[in-house]
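One-based numbering along the sequence shown.
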Amino acid sequence: MMEKFDHRYLEMAGVWAKNSYCKRRQVGALIVKDRMIISDGYNGTPSGFENICEDETGVTKPYVLHAEANAITKVAKSGNSSQGATLYVTASPCLECSKLIIQSGIKRVVYKDEYRLNDGIDMLRRAGIEVEKVD
C-alpha cells in the first residue's frame, strides 16, 4: 500500500545517491522506521579503500558495496534495529542485497528503477516482503 511519504523518502534516497563516486550507476538507500530515517547508504567502496568504483576498463570492482548493503551494515553498527522497517532504494535490489534485506528484518521495499535482473525482487516477494515500484 502506497504511503504518503513514499515519494519523498525515495526522492531523498535519490539525493543521497549523489554521494556515490561510482560512474556507471549511483544508487541511494534509506531505511525508515516509525517515520524516522535510521540509516542511509549509497554504493561505493568499503571504508579505507580509494573512492574509485570502476577499473580502467569501466567494469565495477568486485568489492564495491551496494547502497542497500551499506545502509544495512550501517544500522548494524548503530544501536538501531531494522526489524519491521521500510527500505527506500533508487534501484531494485539484486539477489545478494535481497538476502541481507530478508535477514535484517526489513518488511517493505520501495524502489524506483528496475535492475537488469529481477531475481532479487522475486526472492523478496517469496520471503513475504512487501515490494513496491514507484515511478
Tell me, do [X] and [Y] make a side-chain contact under 4.5 Å, heavy atoms counted?
X	Y	answer
K112	K133	no
V64	C22	yes
V109	I101	yes
I102	I129	yes
K107	Q83	yes

Assess whether atom [atom1] of [X] is packed by more than 12 heavy atoms of other residues, nucleotides or ligands within 6.0 Å.
X	atom1	value
K33	NZ	yes
D55	CG	yes
K23	NZ	no
Q103	CD	no

Rounded at 0.5 Å granularity, tell me how far [atom1] in [X] sits from [atom2] in [Y].
X	Y	atom1	atom2	value
C94	L117	SG	CG	9.0 Å
K77	S39	NZ	OG	9.5 Å
S82	L87	OG	CG	9.5 Å
S47	L65	OG	CG	8.5 Å
E54	R25	CD	CZ	12.0 Å
E68	K99	CD	NZ	13.5 Å

Flag yes if [X] and [Y] sit in one hydrophobic cluster, no otherwise; membership is Ile, Leu, Val, Met, Phe, Trp, Tyr, and two members link when side-chain heavy atoms are under 4.5 Å apart.
X	Y	value
V89	I72	yes
I37	V15	no
V110	L124	no
W16	I38	no
L100	L95	yes

Donor-acceptor under 3.5 Å (T90 side chain, G28 main chain):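 Between the backbone of G28 and the side chain of T90 there is a qualifying donor-acceptor contact (under 3.5 Å).
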
For [X] against [Y], the heavy-atom pair lying closest together:
X	Y	result
V27	N43	N-OD1, 2.8 Å
P93	I121	CD-CD1, 3.8 Å
C53	G44	SG-CA, 4.0 Å
A17	Q26	O-CB, 3.4 Å
C97	A69	SG-N, 4.2 Å
L30	Y9	CD1-O, 3.5 Å

Under the criterion side-chain contact (heavy atoms from CB on, under 4.5 Å), I'd like the reasoning laid out for Y111 against L10: C-alpha separation, chi angles, the key distance, then a yes or no. CA-CA 7 Å; Y111 70 95; L10 212 47; 5.5 Å; no

Any luck finding a side-chain donor-acceptor pair between Y42 and N70 under 3.5 Å?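 Checked: Y42/N70 side chains show no N/O donor-acceptor pair below 3.5 Å.
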
May I have the step-by-step check of side-chain contact (heavy atoms from CB on, under 4.5 Å) for K61 and T45, ending in yes or no? CA-CA 9 Å; K61 293 177 180 177; T45 57; 5.5 Å; no

Can you tell me which residue among E132, H7, R108 is in a side-chain contact (heavy atoms from CB on, under 4.5 Å) with Y88?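 It is R108, the one option of E132, H7, R108 that forms the side-chain contact (heavy atoms from CB on, under 4.5 Å) with Y88.
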
